[in-house]
Amino acid sequence: MMHERSLSSHGGILSVLTLISVVCLAVLAVLSLTYAHDASTAAQRQRDTVVASYQNETDAQTWLASVDASLKSQGSSSSAEGGSSSVGETIARTTDATYAADSNRVSKTFVNGPVSLTASLSLHGSTYQIESWNTASTTDTNEHVTLWSGANNAQ
Amino acid sequence: MSAPFTPERTSADNRFQRRHQRKAADERALIIEMIAVLFFVALCVAVVIQLFAQSASDCRSAHDTSCATRLARCDAEQFNVSPDITTGVSYFDVDGNPSDTPSYWTLTRTVTPEQTEVGTIYHATVHLLSTQGTTYDLSTACYKSNGEEETL
(Lines give C-alpha, C1' and ligand atoms only; values in the text may rest on other atoms or scores of the structure.)
Protein backbone atom coordinates (compact mmCIF):
# COMPACT_ATOMS: atom_id res chain seq x y z
CA MET A 1 0.00 0.00 0.00
CA MET A 2 2.85 2.30 0.96
CA HIS A 3 4.69 1.45 -2.25
CA GLU A 4 1.61 2.20 -4.41
CA ARG A 5 1.06 5.57 -2.77
CA SER A 6 4.75 6.42 -3.18
CA LEU A 7 4.74 5.51 -6.87
CA SER A 8 1.62 7.58 -7.56
CA SER A 9 2.86 10.62 -5.63
CA HIS A 10 6.24 10.46 -7.41
CA GLY A 11 4.41 10.62 -10.73
CA GLY A 12 2.46 13.69 -9.61
CA ILE A 13 5.55 15.51 -8.35
CA LEU A 14 7.37 14.76 -11.59
CA SER A 15 4.49 16.19 -13.62
CA VAL A 16 4.32 19.35 -11.53
CA LEU A 17 8.09 19.86 -11.78
CA THR A 18 7.98 19.32 -15.51
CA LEU A 19 5.15 21.82 -15.86
CA ILE A 20 7.02 24.44 -13.82
CA SER A 21 10.19 23.88 -15.86
CA VAL A 22 8.30 24.23 -19.12
CA VAL A 23 6.59 27.43 -17.95
CA CYS A 24 9.94 28.91 -16.85
CA LEU A 25 11.56 27.94 -20.14
CA ALA A 26 8.68 29.49 -22.09
CA VAL A 27 8.92 32.74 -20.12
CA LEU A 28 12.69 32.84 -20.71
CA ALA A 29 12.18 32.25 -24.43
CA VAL A 30 9.57 35.00 -24.72
CA LEU A 31 11.77 37.47 -22.82
CA SER A 32 14.71 36.55 -25.03
CA LEU A 33 12.64 37.06 -28.17
CA THR A 34 11.33 40.41 -26.93
CA TYR A 35 14.84 41.61 -26.13
CA ALA A 36 16.16 40.47 -29.51
CA HIS A 37 13.29 42.14 -31.35
CA ASP A 38 13.85 45.32 -29.37
CA ALA A 39 17.57 45.30 -30.20
CA SER A 40 16.84 44.71 -33.86
CA THR A 41 14.33 47.59 -33.99
CA ALA A 42 16.72 49.93 -32.20
CA ALA A 43 19.52 49.04 -34.63
CA GLN A 44 17.26 49.69 -37.60
CA ARG A 45 16.21 53.01 -36.13
CA GLN A 46 19.87 53.92 -35.66
CA ARG A 47 20.57 52.97 -39.28
CA ASP A 48 17.67 55.13 -40.53
CA THR A 49 18.84 58.08 -38.42
CA VAL A 50 22.39 57.85 -39.75
CA VAL A 51 21.18 57.58 -43.35
CA ALA A 52 18.91 60.63 -42.84
CA SER A 53 21.73 62.53 -41.19
CA TYR A 54 24.08 61.95 -44.11
CA GLN A 55 21.33 62.76 -46.60
CA ASN A 56 21.05 66.14 -44.87
CA GLU A 57 24.82 66.49 -45.12
CA THR A 58 24.66 65.81 -48.86
CA ASP A 59 21.89 68.40 -49.32
CA ALA A 60 23.77 70.94 -47.24
CA GLN A 61 27.01 70.46 -49.16
CA THR A 62 25.14 70.90 -52.43
CA TRP A 63 23.60 74.09 -51.02
CA LEU A 64 27.06 75.23 -49.99
CA ALA A 65 28.25 74.75 -53.56
CA SER A 66 25.34 76.79 -54.91
CA VAL A 67 25.97 79.56 -52.37
CA ASP A 68 29.64 79.62 -53.33
CA ALA A 69 28.76 79.78 -57.01
CA SER A 70 26.30 82.63 -56.38
CA LEU A 71 28.85 84.52 -54.33
CA LYS A 72 31.52 84.13 -56.98
CA SER A 73 29.24 85.14 -59.83
CA GLN A 74 27.63 88.10 -58.05
CA GLY A 75 30.66 89.12 -56.02
CA SER A 76 32.62 89.76 -59.18
CA SER A 77 30.01 92.29 -60.28
CA SER A 78 29.66 93.98 -56.88
CA SER A 79 32.94 93.73 -55.07
CA ALA A 80 32.10 96.47 -52.58
CA GLU A 81 31.09 95.41 -49.07
CA GLY A 82 27.78 97.28 -49.40
CA GLY A 83 26.68 94.84 -52.08
CA SER A 84 26.74 91.90 -49.64
CA SER A 85 23.21 92.44 -48.42
CA SER A 86 21.77 92.29 -51.92
CA VAL A 87 23.89 89.22 -52.62
CA GLY A 88 22.68 87.64 -49.43
CA GLU A 89 19.06 88.38 -50.30
CA THR A 90 19.55 86.93 -53.75
CA ILE A 91 21.12 83.78 -52.33
CA ALA A 92 18.33 83.45 -49.81
CA ARG A 93 15.72 83.86 -52.52
CA THR A 94 17.30 81.49 -55.04
CA THR A 95 18.24 78.75 -52.59
CA ASP A 96 15.17 79.00 -50.37
CA ALA A 97 17.27 80.03 -47.37
CA THR A 98 16.85 82.78 -44.79
CA TYR A 99 18.96 85.91 -44.70
CA ALA A 100 19.71 88.02 -41.62
CA ALA A 101 20.79 91.46 -42.83
CA ASP A 102 22.07 92.62 -39.44
CA SER A 103 24.62 89.81 -39.16
CA ASN A 104 24.90 89.33 -42.93
CA ARG A 105 24.25 85.63 -42.61
CA VAL A 106 22.35 83.13 -44.70
CA SER A 107 21.08 79.99 -43.08
CA LYS A 108 19.09 77.01 -44.14
CA THR A 109 17.59 74.03 -42.36
CA PHE A 110 17.49 70.62 -44.00
CA VAL A 111 15.02 68.13 -42.62
CA ASN A 112 15.03 64.45 -43.35
CA GLY A 113 12.83 62.30 -41.15
CA PRO A 114 13.55 62.99 -37.48
CA VAL A 115 16.95 64.53 -38.22
CA SER A 116 17.53 68.15 -39.16
CA LEU A 117 20.65 70.09 -40.05
CA THR A 118 20.91 73.86 -39.79
CA ALA A 119 23.76 75.48 -41.66
CA SER A 120 24.61 79.13 -41.19
CA LEU A 121 27.10 81.06 -43.33
CA SER A 122 28.36 84.56 -42.86
CA LEU A 123 29.09 86.40 -46.08
CA HIS A 124 32.24 88.40 -46.63
CA GLY A 125 32.22 89.90 -50.10
CA SER A 126 32.64 87.01 -52.49
CA THR A 127 33.61 84.54 -49.80
CA TYR A 128 31.77 82.86 -46.98
CA GLN A 129 32.52 81.45 -43.59
CA ILE A 130 30.68 78.57 -41.99
CA GLU A 131 29.35 79.91 -38.69
CA SER A 132 27.41 76.87 -37.56
CA TRP A 133 26.65 73.40 -38.81
CA ASN A 134 24.24 71.91 -36.32
CA THR A 135 22.55 68.55 -36.50
CA ALA A 136 19.51 67.95 -34.32
CA SER A 137 17.25 65.00 -33.83
CA THR A 138 13.65 65.08 -32.71
CA THR A 139 12.21 62.36 -30.51
CA ASP A 140 8.60 61.41 -30.64
CA THR A 141 7.53 61.36 -27.00
CA ASN A 142 4.17 59.81 -27.53
CA GLU A 143 2.06 58.29 -24.80
CA HIS A 144 2.52 54.70 -25.85
CA VAL A 145 6.04 54.25 -24.59
CA THR A 146 6.37 50.90 -22.90
CA LEU A 147 9.23 48.94 -21.43
CA TRP A 148 9.93 47.38 -24.81
CA SER A 149 9.31 50.55 -26.73
CA GLY A 150 11.67 49.52 -29.51
CA ALA A 151 9.18 46.99 -30.75
CA ASN A 152 6.06 49.10 -30.32
CA ASN A 153 7.30 52.45 -31.60
CA ALA A 154 9.03 51.32 -34.74
CA GLN A 155 8.76 54.05 -37.37
CA MET B 1 -4.40 -33.15 -0.39
CA SER B 2 -5.84 -29.74 -1.21
CA ALA B 3 -6.09 -27.04 1.43
CA PRO B 4 -9.22 -27.14 3.37
CA PHE B 5 -11.87 -24.64 2.35
CA THR B 6 -12.26 -21.88 4.91
CA PRO B 7 -14.11 -18.48 4.65
CA GLU B 8 -10.98 -16.57 5.87
CA ARG B 9 -8.88 -18.01 3.04
CA THR B 10 -11.40 -16.88 0.35
CA SER B 11 -11.61 -13.39 1.75
CA ALA B 12 -7.80 -13.00 1.80
CA ASP B 13 -7.57 -14.19 -1.78
CA ASN B 14 -10.16 -11.64 -2.89
CA ARG B 15 -8.39 -8.83 -1.10
CA PHE B 16 -5.10 -9.85 -2.71
CA GLN B 17 -6.71 -10.02 -6.14
CA ARG B 18 -8.37 -6.59 -5.74
CA ARG B 19 -5.11 -5.07 -4.54
CA HIS B 20 -3.26 -6.60 -7.46
CA GLN B 21 -5.82 -5.24 -9.93
CA ARG B 22 -5.66 -1.73 -8.38
CA LYS B 23 -1.87 -1.77 -8.54
CA ALA B 24 -1.94 -2.73 -12.19
CA ALA B 25 -4.46 0.03 -12.93
CA ASP B 26 -2.28 2.58 -11.08
CA GLU B 27 0.77 1.54 -13.04
CA ARG B 28 -1.14 1.85 -16.30
CA ALA B 29 -2.33 5.33 -15.29
CA LEU B 30 1.21 6.33 -14.35
CA ILE B 31 2.57 5.13 -17.69
CA ILE B 32 -0.18 7.00 -19.55
CA GLU B 33 0.55 10.12 -17.50
CA MET B 34 4.28 9.85 -18.22
CA ILE B 35 3.65 9.43 -21.94
CA ALA B 36 1.31 12.46 -21.92
CA VAL B 37 3.88 14.54 -20.02
CA LEU B 38 6.60 13.41 -22.43
CA PHE B 39 4.54 14.52 -25.43
CA PHE B 40 3.72 17.82 -23.73
CA VAL B 41 7.38 18.46 -22.92
CA ALA B 42 8.46 17.55 -26.45
CA LEU B 43 5.89 19.95 -27.89
CA CYS B 44 6.91 22.77 -25.54
CA VAL B 45 10.62 22.22 -26.16
CA ALA B 46 10.01 22.38 -29.92
CA VAL B 47 8.19 25.71 -29.54
CA VAL B 48 10.83 27.09 -27.16
CA ILE B 49 13.64 26.07 -29.52
CA GLN B 50 11.86 27.94 -32.31
CA LEU B 51 11.62 31.04 -30.10
CA PHE B 52 15.30 30.85 -29.16
CA ALA B 53 16.27 30.39 -32.81
CA GLN B 54 14.23 33.45 -33.77
CA SER B 55 15.87 35.40 -30.94
CA ALA B 56 19.32 34.40 -32.11
CA SER B 57 18.48 35.42 -35.67
CA ASP B 58 17.13 38.82 -34.53
CA CYS B 59 20.18 39.41 -32.34
CA ARG B 60 22.55 38.55 -35.18
CA SER B 61 20.64 40.89 -37.48
CA ALA B 62 20.75 43.69 -34.90
CA HIS B 63 24.48 43.20 -34.37
CA ASP B 64 25.13 43.27 -38.11
CA THR B 65 23.04 46.40 -38.63
CA SER B 66 24.68 48.17 -35.72
CA CYS B 67 28.18 47.18 -36.83
CA ALA B 68 27.52 48.16 -40.46
CA THR B 69 26.16 51.54 -39.36
CA ARG B 70 29.25 52.19 -37.25
CA LEU B 71 31.67 51.16 -40.01
CA ALA B 72 29.86 53.19 -42.67
CA ARG B 73 29.74 56.23 -40.42
CA CYS B 74 33.46 56.00 -39.63
CA ASP B 75 34.26 55.74 -43.31
CA ALA B 76 31.97 58.66 -44.16
CA GLU B 77 33.76 60.80 -41.58
CA GLN B 78 37.15 59.80 -43.03
CA PHE B 79 35.81 60.79 -46.44
CA ASN B 80 34.76 64.20 -45.10
CA VAL B 81 38.31 64.80 -43.92
CA SER B 82 39.90 63.75 -47.21
CA PRO B 83 37.26 63.70 -49.94
CA ASP B 84 39.82 63.49 -52.71
CA ILE B 85 40.85 59.98 -51.65
CA THR B 86 38.98 57.99 -54.22
CA THR B 87 37.59 54.50 -54.38
CA GLY B 88 38.91 51.99 -51.89
CA VAL B 89 38.15 48.62 -50.40
CA SER B 90 38.58 47.69 -46.73
CA TYR B 91 37.93 44.52 -44.80
CA PHE B 92 36.59 44.10 -41.28
CA ASP B 93 35.87 41.12 -39.10
CA VAL B 94 32.48 40.30 -37.61
CA ASP B 95 32.98 42.76 -34.74
CA GLY B 96 34.14 45.56 -37.03
CA ASN B 97 37.86 45.30 -36.38
CA PRO B 98 40.08 46.05 -39.40
CA SER B 99 41.45 43.07 -41.25
CA ASP B 100 44.13 42.86 -43.93
CA THR B 101 42.58 39.91 -45.69
CA PRO B 102 38.99 39.47 -46.90
CA SER B 103 36.86 38.91 -43.83
CA TYR B 104 33.23 39.15 -42.69
CA TRP B 105 32.68 42.73 -43.90
CA THR B 106 33.81 44.20 -47.19
CA LEU B 107 33.59 47.98 -47.33
CA THR B 108 33.74 49.72 -50.68
CA ARG B 109 33.86 53.46 -50.97
CA THR B 110 33.07 54.96 -54.36
CA VAL B 111 33.81 58.65 -54.83
CA THR B 112 32.44 60.58 -57.78
CA PRO B 113 33.69 64.16 -58.16
CA GLU B 114 31.29 66.65 -59.72
CA GLN B 115 33.09 69.68 -61.03
CA THR B 116 31.27 72.99 -60.72
CA GLU B 117 32.35 76.45 -61.84
CA VAL B 118 33.85 77.37 -58.50
CA GLY B 119 34.63 74.09 -56.83
CA THR B 120 34.09 70.36 -56.67
CA ILE B 121 31.33 68.37 -54.99
CA TYR B 122 32.60 64.94 -54.08
CA HIS B 123 29.79 62.39 -53.88
CA ALA B 124 30.65 59.25 -51.93
CA THR B 125 28.78 56.00 -51.58
CA VAL B 126 29.85 53.65 -48.83
CA HIS B 127 28.75 50.11 -49.54
CA LEU B 128 29.09 47.33 -46.97
CA LEU B 129 28.61 43.69 -47.79
CA SER B 130 28.85 40.85 -45.30
CA THR B 131 29.56 37.23 -46.05
CA GLN B 132 26.02 36.50 -44.85
CA GLY B 133 24.66 38.74 -47.61
CA THR B 134 23.80 41.72 -45.42
CA THR B 135 24.20 44.98 -47.31
CA TYR B 136 24.31 48.56 -46.12
CA ASP B 137 24.64 51.74 -48.17
CA LEU B 138 25.39 55.25 -47.04
CA SER B 139 25.66 58.26 -49.32
CA THR B 140 27.28 61.53 -48.44
CA ALA B 141 28.93 64.49 -50.14
CA CYS B 142 31.61 67.04 -49.48
CA TYR B 143 32.15 70.36 -51.23
CA LYS B 144 35.56 71.87 -51.76
CA SER B 145 35.89 75.35 -53.18
CA ASN B 146 38.60 75.95 -55.74
CA GLY B 147 41.79 77.29 -54.22
CA GLU B 148 40.30 78.46 -50.97
CA GLU B 149 40.74 77.31 -47.41
CA GLU B 150 37.47 76.60 -45.69
CA THR B 151 37.40 77.82 -42.12
CA LEU B 152 35.00 76.90 -39.39
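We name chains A, B, ... by the order of the sequence lines, and we start the count at 1 in each one.
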K.L.:
Would you check if the side chain of A/S70 reaches a backbone N or O of A/S66 as a donor-acceptor pair within less than 3.5 Å?
P.N.:
yes

K.L.:
Using 0.5 Å steps for rounding, measure from the OG1 atom of A/T118 to the CG atom of A/N134.
P.N.:
6.5 Å

K.L.:
Charged N to carboxylate O below 4.0 Å: is that the case for B/D26 and B/R22?
P.N.:
no

K.L.:
Given side chains that start at C-beta, do those of A/W63 and A/D96 come closer than 4.5 Å, heavy atoms only?
P.N.:
no

K.L.:
Hey, which residues of residues 96-106 of chain B are touching chain A, say heavy atoms under 4.5 Å apart?
P.N.:
none

K.L.:
Indicate yes or no: does B/E117 engage A/K72 in a salt bridge with an N to O separation below 4.0 Å.
P.N.:
no

K.L.:
If you group Ile, Leu, Val, Met, Phe, Trp and Tyr by side-chain heavy-atom gaps below 4.5 Å, do B/M34 and A/V22 land in one group?
P.N.:
no

K.L.:
Please flag which part of B/S61 lies under 4.5 Å from any non-hydrogen atom of chain A: side chain, backbone, both or neither.
P.N.:
side chain

K.L.:
Considering only heavy atoms and a distance below 4.5 Å, find which of B/E114, B/R70, B/R73, B/Q50 pairs most often with chain A.
P.N.:
B/R73

K.L.:
Under 4.5 Å heavy-atom distance to chain B, tell me which part of A/S32 shows up: side chain, backbone, both or neither.
P.N.:
both

K.L.:
Quick one: what part of B/Y122 sits under 4.5 Å from any heavy atom of chain A, side chain, backbone, both or neither?
P.N.:
neither

K.L.:
Measuring heavy-atom distances to chain A, does B/N80 have an atom under 4.5 Å in its side chain, in its backbone, in both, or in neither?
P.N.:
side chain

K.L.:
Between the side chains of B/D58 and A/Y35, is a donor N or O closer than 3.5 angstrom to an acceptor N or O?
P.N.:
no

K.L.:
Between A/S122 and A/E131, do the side chains contain an N or O donor and an N or O acceptor separated by less than 3.5 Å?
P.N.:
yes

